[in-house]
Q: 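A single structure is presented below for examination.
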Number of protein chains: 2
Amino acid sequence: MADLPDGTVSDPDEKIMRATYRALGDDGYADLTIKRIAEEYGKSTAAIHYHYDTKDDLLAAFLDYLLDRFVETIHEVETTDPEQRLDLLLDKLLVDPQDHQDLLVAVLEMRSQAPHTPAFAERFEANDEYIRFMLKTVVDHGIDQGVFREADADHVAKALMTIVDGARTRAVVLDDDEALATARRTAEEYVTATLLKEN
Amino acid sequence: MADLPDGTVSDPDEKIMRATYRALGDDGYADLTIKRIAEEYGKSTAAIHYHYDTKDDLLAAFLDYLLDRFVETIHEVETTDPEQRLDLLLDKLLVDPQDHQDLLVAVLEMRSQAPHTPAFAERFEANDEYIRFMLKTVVDHGIDQGVFREADADHVAKALMTIVDGARTRAVVLDDDEALATARRTAEEYVTATLLKEN
DNA sequence: CGTTTTTGACTAATTAGTCAGTAAGTACGA
DNA sequence: TCGTACTTACTGACTAATTAGTCAAAAACG
């Protein structure tokens, strides 16, 4: 998961996204204000409003920013062998984020706002659908190639996503840095039980 | 849940908790104000402050209120036969909340605040520990009685909690009323694979 | 009566957003 | 190479609304 090294960037939008990320990490969503973002940005609040008309606009853009980074890391998996590919995807979903607790916190905070913020809900739904599709596809390939057992690929994908989401929620809420590793093991057990052929 | 027939209660604290619940459900945590709670309460904001000194006090009390109701439903499971008891516990955790989407939303919002609000974090940790202990205990009993396979009861409990938390998060974020049922099936598959003896 | 509960008016701080004005570049033509 | 027009990025001062919390007094209760 590409981190935010704060390598000097000239793009104001990028800078504001990073400032928002820092402000959100420090204060939490409920206390996230334009003023705080402006402070992190090192400019006035009006400077923020110059780039984004409203706070809602900024937050929608910020969510796109977060989810884009997130999808990028998934794309790093290029292996095509189903069994190996599924393993690597699960690693990306459950091992990589280990060092980016701040990111997990920020994302969960925005997730919890989805029911009251349609702009958020749309984005999270699209993102979920996309990753679930990748999982379903690799399961389908595995079945077609005869390396996985006949299984309900759609359900397996949903089950794995549930484990991933549960792990992230627990990592954040319980401040448990073993939550992801535990879930990685659980996912492995689930894959073994439902997909792998005994031999 | 302790609703009186007409929802009327004389206890002011109980009334304020219900008012908070409604306000939170309508506006979300970020927009939750004393004024909005007072409106739901039908009294002035000062009336709220008479019962709770600060907003933080009120929210901590509210979280206790939520988690208490939550634990109560778990206590309804009195069956002692391990296999049946585990099934019923998972039903309570994954089927019952189906009709209480508002509650799931409210809880997730407060959960996401845990990293910034120690008072919340403590309560969620205690609650998680309690339910996880109930799961671990029933698994241990099953193993002792020879109806379950030898298994890492601690890990199984954590795995099931992960599935539960994932289902709840997904039900809220994706507004997916099948998320809990999907997770119920997943939990069943997991139990079958790790605990049940083949016969 | 006294105690509990509530009100209404208040404060001080904070909020998102506006606006006129100001630099500092960039493009382009002569 | 100078001058002019335009754009981008920003500031500082402002507004109008909203915020949590206070307090004296009044009402409601038992």
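Keep in mind that the numbers below use all heavy atoms, side chains included, and drop hydrogens, waters and symmetry copies. Quick note on labels: first sequence line is chain A, next is B, and so on, each numbered from 1.
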Q: Can you tell me how far P of D:dC10 sits from CG of A:D13, to the nearest Å?
A: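 Answer to the nearest Å: 10 Å.
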
Q: Can you tell me how far P of C:dT18 sits from OH of A:Y52, to the nearest Å?
A: 17 Å

Q: If you check every side-chain atom of B:A47, which of C:dG17, C:dT6, C:dT15 has the closest atom?
A: C:dT6

Q: Which whole-number value in Å describes the distance from A:K55 NZ to D:dA17 P?
A: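 In whole Å, D:dA17 P and A:K55 NZ are 19 Å from each other.
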
Q: In whole angstroms, how far is the P atom of D:dT8 from the NE2 atom of A:H49?
A: 20 Å

Q: Select from A:A46 and A:D31 the residue whose nearest nucleotide in DNA chain C is closer to the 5' end of that strand.
A: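 The answer here is A:D31.
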
Q: For A:D27 and C:dT14, give me the distance from atom CG to atom P, rounded to whole Å.
A: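 About 13 Å, once rounded to whole Å.
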
Q: Which word best sums up how the rings of B:H75 and B:Y130 line up, parallel for under 30°, tilted for 30 to 60°, or perpendicular for over 60°?
A: perpendicular

Q: Over how many whole Å does the gap from A:D56 atom CG to C:dT15 atom C1' extend?
A: 14 Å

Q: Under 4.0 Å, counting only non-hydrogen atoms across every strand here, what does A:T33 touch: a base, just sugar-phosphate, or nothing?
A: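 Here A:T33 touches the backbone only, sparing every base.
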
Q: Nearest whole angstrom, please: distance from the C1' of D:dT19 to the CD1 of B:I48.
A: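 Going from B:I48 (CD1) to D:dT19 (C1'), I get 15 Å.
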
Q: Are A:R132 and A:E129 close enough for a salt bridge, meaning some N to O gap below 4.0 Å?
A: no

Q: Using heavy-atom distances to pick each residue's nearest nucleotide on DNA chain D, tell me which of A:K43 and B:D53 is more 5'.
A: A:K43

Q: When you get a sec, tell me which of C:dT6, D:dT8, D:dA20 is the closest nucleotide to the side chain of A:Y50?
A: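 Within the option list, the nearest is D:dT8.
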
Q: Using whole Å, report how far NZ of A:K35 lies from C1' of D:dT19.
A: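 Whole-Å distance recorded here is 14 Å.
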
Q: Does a side-chain N or O of A:Y41 approach OP1 or OP2 of D:dC10 to a distance below 4.0 Å, or not?
A: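 For D:dC10, OP1/OP2 do have a side-chain N/O of A:Y41 under 4.0 Å.
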
Q: Think B:R111 forms a cation-pi with B:F120, using NZ or CZ under 6.0 Å from the six-ring centre and within 45 degrees of its axis?
A: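 No, B:R111 does not lie over the aromatic ring of B:F120.
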
Q: Of the options C:dT18, C:dT6, D:dA9, whose atoms approach the side-chain atoms of A:P12 most closely?
A: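 It is D:dA9.
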
Q: Between B:D152 and B:K158 (salt bridge meaning N to carboxylate O under 4.0 Å), is one present in this structure?
A: no

Q: Determine, for A:F133 and A:K136, whether the Lys NZ or Arg CZ falls below 6.0 Å from the six-membered ring centre while staying within 45 degrees of the axis.
A: no

Q: On DNA chain D, check which nucleotide each of A:H51 and B:I34 is closest to and give me the residue with the more 5' one.
A: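 Taking each residue's closest nucleotide, the earlier one in sequence belongs to A:H51.
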
